[in-house]
Each structure stands twice: as C-alpha cells, then as structure tokens.
Peer 1: 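Here it is, the structure, as structure tokens.
Each chain gets a letter, A, B and so on, in the order its sequence line appears, and its residues count up from 1.
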Number of protein chains: 2
Amino acid sequence: MSKKQEDTIRSKSPKSPLPIQEDLLTEKEFLEQYRSSDYEKPSVTVDIALFTVDEEASGNHRKNEEKKLKLLLMRREHHPFKERWALPGSFVGMEEDLEDAARRIMKEKTAVPTAYLDQLYAWGEKERDPRLRIISVSYLALLRQGCLSLPGDKASLCWFDIDMKRLSNSSSHTDRGEEIRQVDVLCFTCEKNSFEVHVETRIILEEGIVRRSMHILKDEYLAFDHAKIIAHALQRLRQRIEYDNIAFCLMPEEFTLTQLQQVYELILDQKLLKANFRRKIASMVEETDNYKKDAAHRPSRLYRFVNRFS
Amino acid sequence: MSKKQEDTIRSKSPKSPLPIQEDLLTEKEFLEQYRSSDYEKPSVTVDIALFTVDEEASGNHRKNEEKKLKLLLMRREHHPFKERWALPGSFVGMEEDLEDAARRIMKEKTAVPTAYLDQLYAWGEKERDPRLRIISVSYLALLRQGCLSLPGDKASLCWFDIDMKRLSNSSSHTDRGEEIRQVDVLCFTCEKNSFEVHVETRIILEEGIVRRSMHILKDEYLAFDHAKIIAHALQRLRQRIEYDNIAFCLMPEEFTLTQLQQVYELILDQKLLKANFRRKIASMVEETDNYKKDAAHRPSRLYRFVNRFS
DNA sequence: TCAAAAGTGTTAGTATTACACCCATGT
DNA sequence: ACATGGGTGTAATACTAACACTTTTGA
C-alpha cells in the first residue's frame, strides 16, 4: 500500500480500507466522490444512566421520610440478553447530534424535563454486543426529586433502588509495578426484583505505563456491559457532587437542608455531620420565608439554591 | 409503525430504521437474520491529543533549562481543511476495540511507549465534518519527557509548544437563569508556525436545566472541531494533575523536585511556591542517592515516585 | 565574590472534624 | 413529658499561603 493512500482522510484503519484517490481534488470534487457507504462501520448507540431521588414515607409520623436513589432500567423483550435489564438506549440517527439522541431518548422514556445531561464514556470493546459491532456512548442524566412518573405505556420500564458499596480495595506492589483493585457491589431493588452485581475497577502501572479498566465479576441480571456503565455513572456522580455541585439537579425548587444532606449521603454512601454539612454548603443556598411544618417536630426552614456554579 | 417494531433491538432512531421482525426467535436465529449492513451508520474515528514535556537549554549556564508543554499535530494534505493542522487520528477498525485503535495510532505516530492513555470525550455534532457523519472519540495521551522523537518518515507531523490562558470569565444572572462564559486563548508555536485560537466554554442554567457547551470563537489554523478537543484536553489535564497525580506520566524515572514543579506550573499555568509545593508532593516521592550536578549552582537531589495512586 | 538555584523553617489564616448543646413541635 | 429532628457553638486539628532565610555550587 502506498504512503499516499495511507494518509487519505487522516490515516485509515487496517480493516476498513478507504479506497479513494483524492490527490489534487477540490473540496467540492472530493465531497462528490466520497461515498460513505463504501466502508464497513460500527453501529453507534446512546445509553442513558438516568437517576433521580425519591422520598418514601416512613411508618412513624415523627420520623422523616426515607430517601432512595433511583435508576431507570428497561426489561429486554428480545435477544440478546432477553429478560435481562438494560439502560434505556437507542441507535443514533444520521441527522441528530449525539446529545440530541440522548435528549430524544429522555423524552421517550420520561414525562418531565431532564435537569442534567452529561456524557460519561464511549464503550468500544469489540465483543460488548454479541450481534454486531456496537459502540455505545453513555450519558449520565438526572431528574428532579418527585419526577418518578413515566409515560403510561412503558410497561417494561422500572425504577430500581440502587446503591453501591466498596467491597474490597487492595493495592499491591510487584517487581514490575503497582496494582490497585477495587471491587464494588451494586444492589438493585424494585417491587418484584432484587439482585446484586459485582464490578472491579483496576488501575495497573507496569513499566511506566498506566492502564485503567473495569471488569464484571458477577452479573446474572443486567444486559451487555451495562453493569460497568452503571458503576461508572455512580463513580462520576460521586465526583460531581463534590466538585461540581450537581446535587441541585436532583432537588426541587425549595427544600430543607436535611433533605439536601440526605441526597449527599445517598450519593456518597456515608453519613455526614449536620453542623459541618451546613457550613460547607452555606454559600450555595439562601433562606426562603417558607417552612415545612407537617411533622411532629420543629418545622424546618426551606432554602433555595444560589451561586450554583461557584 | 407498530409498537412491536419500535422496540426491536432496544429502541430505534427515527432516521435509521431497523426492519427486523424478531419475535420468538432464538438467539442463534436472531444473529443469523441480523444484518448490520442494512442500516445507515455514522463513521467512527479516534483522535488523540498527545502531550509531552520538553526541556530547552537556556543560553545562560547558571540558569535552569526552560520547560515547554508540547502537543503533536499533523498537517492535512487533503480536503477538507487542507493545509490546516489536525490531531492525529484514524477510523476505527471493525475488529479492534476503541482503545486498541488509540494505541495503534500512538504506535504509528511515535517511537516510544505511551505512558498514559485516557478517553476524553465523544464528539458527535452532526456537522462537525463537512463530508459525512463522523463521530470522533478523543483520547488524552502522555509521553515521558525526552520522548519527542518521531518515526523519520512522518514529515507532516509537528510538535507545537502549547499554552492556554483564560481571557475572560463572565457570569451573569438573567430573569430565566444563570450563565457562565469562559474564553480561553490557546497559543500554538513551532519553528515555522505560530497561531492562536479562541474557545468559549458555556455553562447555562435555564428553568432548572443545565447545559454545558463549547464554541470556537476564532480559529483559522486547526481542522474540524479540533480546537475544542484540544481545549477540553488541557482542561482535563489540569484536573487530573491535581486529583489523580498524572504528572508522573510526563516525568522520567528520576527527576529533581524543581523539574516536577515546573511541570505542574506548565500545566496549571501558574507559579507555585517552592516550599509549599514540596510539602504537597512529599508523600508521593522518595529520595534517591543521585544528584544532578552539571549546573553552576548547588546540585539538586534526584527523586523517584512512590505511592502514585494515593 | 556572586548569580543562581537548592533546600528548610516560621507564622498567620483558613478549613475540617468531632462533639455538645439548646430549640420547637405534635402526640 | 418526650421523641424527633431543627438549628448553633466551640475547641482541636490539619491544611494552605506567604515569606524569609541558609546552603551549595561553578564561573
């Protein structure tokens, strides 16, 4: 193969040759000659890890409601992975931006506007779909609390309670380098179903080269590599709540500071001290004149967000 | 279109119909019937923002060498964007993982092993390539200092000095929400060329919905949306050097603490105080018994990394 | 002797952590 | 009265930023 050919259209991959001789073409001629259907291509899908927070009444009237972190999953009706649970997704249309595809899916699956939508990762292992080569671009999406409702006809959709806990965290030094392995357990629960998945995150340093990878250790209920995507989404959620203050995308317009703290605790999966938490978020919220006063204890003031991005 | 058809293979996009009737098929039958070439698909490329650090002797023997952050660009020989500079990239082969494609490109363009390779973002605006629909998955890659050499035949490749400075940073409150606009200036310099590009990052909050986007304000020298990719890569580099300690991927095996500080200063684009910097990184390095003693001042001890991931 | 950089110490201010305490409400 | 959560204060500690100073080398 000539050098000239190799550099055609950036450089080409060995398996999808681009047999175009384009030297000395004008841009117009080039475009006319270029035929995109000449080459084999992977398919591209968008998959969405959609989270929200839900309040469930606790039996006791004195006690506060309990909060749950929720993830939307879809039961697959067809092969492959028939009957397993998958993230809502879709192929990307030729005439829509990647992000438009994500918003389209959100509209199809939910009744309310998406508060937050951010790209997570492009999953491109060649064996991740047994049918054909599919690259999936995953998104992290958040709905405000109290937006659990779904369009009525989507029987296969289900909101799962989800939580992720670190099962083990080992780091070892070998003669050739260092290695960290973290195993996370993800628990999924809804009315009829409850299951558990184990995902390992590896960071390996060998001869000065860093490699990071994720592996599914145990999963009999989720489709494709969606266990990895979900674990990755939860890890991102934890980062973003600390550095980028995305908690406000999960909160209603007005809220109590305890409700806000509960959301932090849910996502970080750890208890926080009230006084310290309030000092930490003080500059991001402002008082309203409203109170939440139905419970059998001192009414709590409602707050709203200000300076979300500072 | 029937509901049944719509749900075929997750759900489909409106523009690339999947006319398969797969009810009641076994997985094997399904795979035989499924023909991936039946649908129009976007092309997928991988583009790499490859950085390294270079030391250039300062005229004065007393003074230390000057450090530069380097980015590898490739002059396009063909339309579109002929003569402009682009990130090295390639189409993704049908039989290679996304990350394999990235490693393949690295091998083609560089003579030394990549110390660090991490996915940045999947760029999917439908007009980003004037020829056809191309989705580009970009990677951030780092080479160790002293690895500037390229395979001899790649005349179109060039290492540019690069630096990014914040030009403006405005936040405004409107009646409908908040808005932050940050303009960054990227300066590119190599022997024969020198140019400047302006990229704006917007974070807009409107009616409880957050949108983040990047826009090219001024660019006559880079191809496609690569100015955005490069700005994004530099932003990521800044985050990662603070939280994930990726500086060590740019350093040689042994180095002086001043060299390490210079790398931090290059990437963060700000001066740091020596004493404070040393306390901060103290737990990540350990002394060796070697010294760098060629210069006309007190010789400095060489260190190496330990606990890179803590 | 001097320029240049290596390397260390001190202090003030700020942020983080853990804990203790009082307040307001409906039952 | 009391269970429950709302709300605040304090003290110990750790971290950070800024600056000043001493040491070592080759020219």
Peer 1: Take the angle between the ring planes of B:Phe188 and B:Phe195 and call it parallel below 30°, perpendicular above 60°, tilted in between.
Peer 2: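 It falls in the parallel class, under 30°.
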Peer 1: Find the distance B:Gln261:CD to D:dA17:C1' and express it as a whole number of Å.
Peer 2: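 Rounded to the whole Å, the gap is 14 Å.
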Peer 1: Quick check on D:dG5: is either OP1 or OP2 less than 4.0 Å from any side-chain nitrogen or oxygen of A:Thr258?
Peer 2: no
Peer 1: Output the rounded distance in Å from NZ (A:Lys292) to P (C:dG26).
Peer 2: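 Going from A:Lys292 (NZ) to C:dG26 (P), I get 13 Å.
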Peer 1: Could you give me the CA-CA distance, side-chain angles and deciding distance for B:Asp184 and B:Glu200, then say whether side chain to side chain contact (heavy atoms under 4.5 Å, CB included) is met?
Peer 2: CA-CA 6 Å; B:Asp184 290 304; B:Glu200 185 179 66; over 6 Å; no
Peer 1: Could you tell me the separation between the CD atom of A:Glu265 and the C1' atom of D:dG5, rounded to a whole number of Å?
Peer 2: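 It is 13 Å, rounded to the nearest whole Å.
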Peer 1: Between A:Asn64 and B:Lys280, name the one whose nearest nucleotide on DNA chain D is closer to the 5' end.
Peer 2: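 The residue mapped nearer the 5' terminus is A:Asn64.
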Peer 1: Assign the ring pair B:Tyr243 / A:Tyr243 to parallel, tilted or perpendicular, where the plane angle (0 to 90°) is split at 30° and 60°.
Peer 2: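 It falls in the parallel class, under 30°.
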Peer 1: What's the CG-P distance between B:Leu257 and C:dG7, to the nearest Å?
Peer 2: 7 Å
Peer 1: Assign A:Arg279 to base, sugar-phosphate, or nothing according to its heavy-atom contacts below 4.0 angstrom with the strands shown.
Peer 2: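 Here A:Arg279 touches the bases of the nucleic acid.
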Peer 1: Assign each of B:Ala275 and B:Gln259 to its nearest nucleotide of DNA chain C by heavy atoms, then name whichever residue's nucleotide is nearer the 5' end.
Peer 2: B:Gln259
Peer 1: What is the distance, rounded to the nearest whole Å, between atom NZ of A:Lys271 and atom C1' of C:dC19?
Peer 2: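 The distance from NZ of A:Lys271 to C1' of C:dC19 comes to 17 Å, rounded to the nearest Å.
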Peer 1: Can you tell me the distance, in whole Å, between the CG atom of A:Asn60 and the P atom of C:dG26?
Peer 2: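 Going from A:Asn60 (CG) to C:dG26 (P), I get 15 Å.
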Peer 1: What is the distance, to the nearest angstrom, from the NZ atom on A:Lys274 to the P atom on D:dT10?
Peer 2: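 Rounding to the nearest Å, NZ of A:Lys274 and P of D:dT10 are 17 Å apart.
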Peer 1: Quick one: do B:Arg176 and B:Glu207 make a salt bridge, cutoff under 4.0 Å?
Peer 2: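 A salt bridge links B:Arg176 with B:Glu207.
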Peer 1: For C:dA18, does either OP1 or OP2 sit under 4.0 Å from a side-chain N or O belonging to A:Asn276?
Peer 2: no
Peer 1: Short question: side chain of A:Arg236, backbone of A:Gln119 - any donor-acceptor pair under 3.5 Å?
Peer 2: yes
Peer 1: Looking at the rings of A:Phe277 and A:Tyr264, which for Trp means the six-membered one, are their centres under 6.0 Å apart?
Peer 2: yes
Peer 1: Take atom CZ of B:Arg278 and atom C1' of D:dT22, then tell me their distance rounded to the nearest Å.
Peer 2: 14 Å
Peer 1: Could you run down the sub-3.5 Å N/O contacts of the protein with nucleotides 23-27 of chain D?
Peer 2:
residue: D:dT23; atom: O2; partner: B:Arg298; partner atom: NH1; Å: 2.9
residue: D:dT24; atom: O2; partner: B:Arg298; partner atom: N; Å: 2.9
residue: D:dT25; atom: O2; partner: B:Ala296; partner atom: O; Å: 3.2
residue: D:dT25; atom: O2; partner: B:His297; partner atom: N; Å: 3.4
residue: D:dG26; atom: N2; partner: B:Arg62; partner atom: NH1; Å: 2.4
residue: D:dG26; atom: N2; partner: B:Arg62; partner atom: NH2; Å: 2.7

Peer 1: Can you tell me how far apart CD1 (A:Ile230) and CG (A:Leu73) are? Round to the nearest 0.5 Å.
Peer 2: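 Here the rounded value is 5.0 Å.
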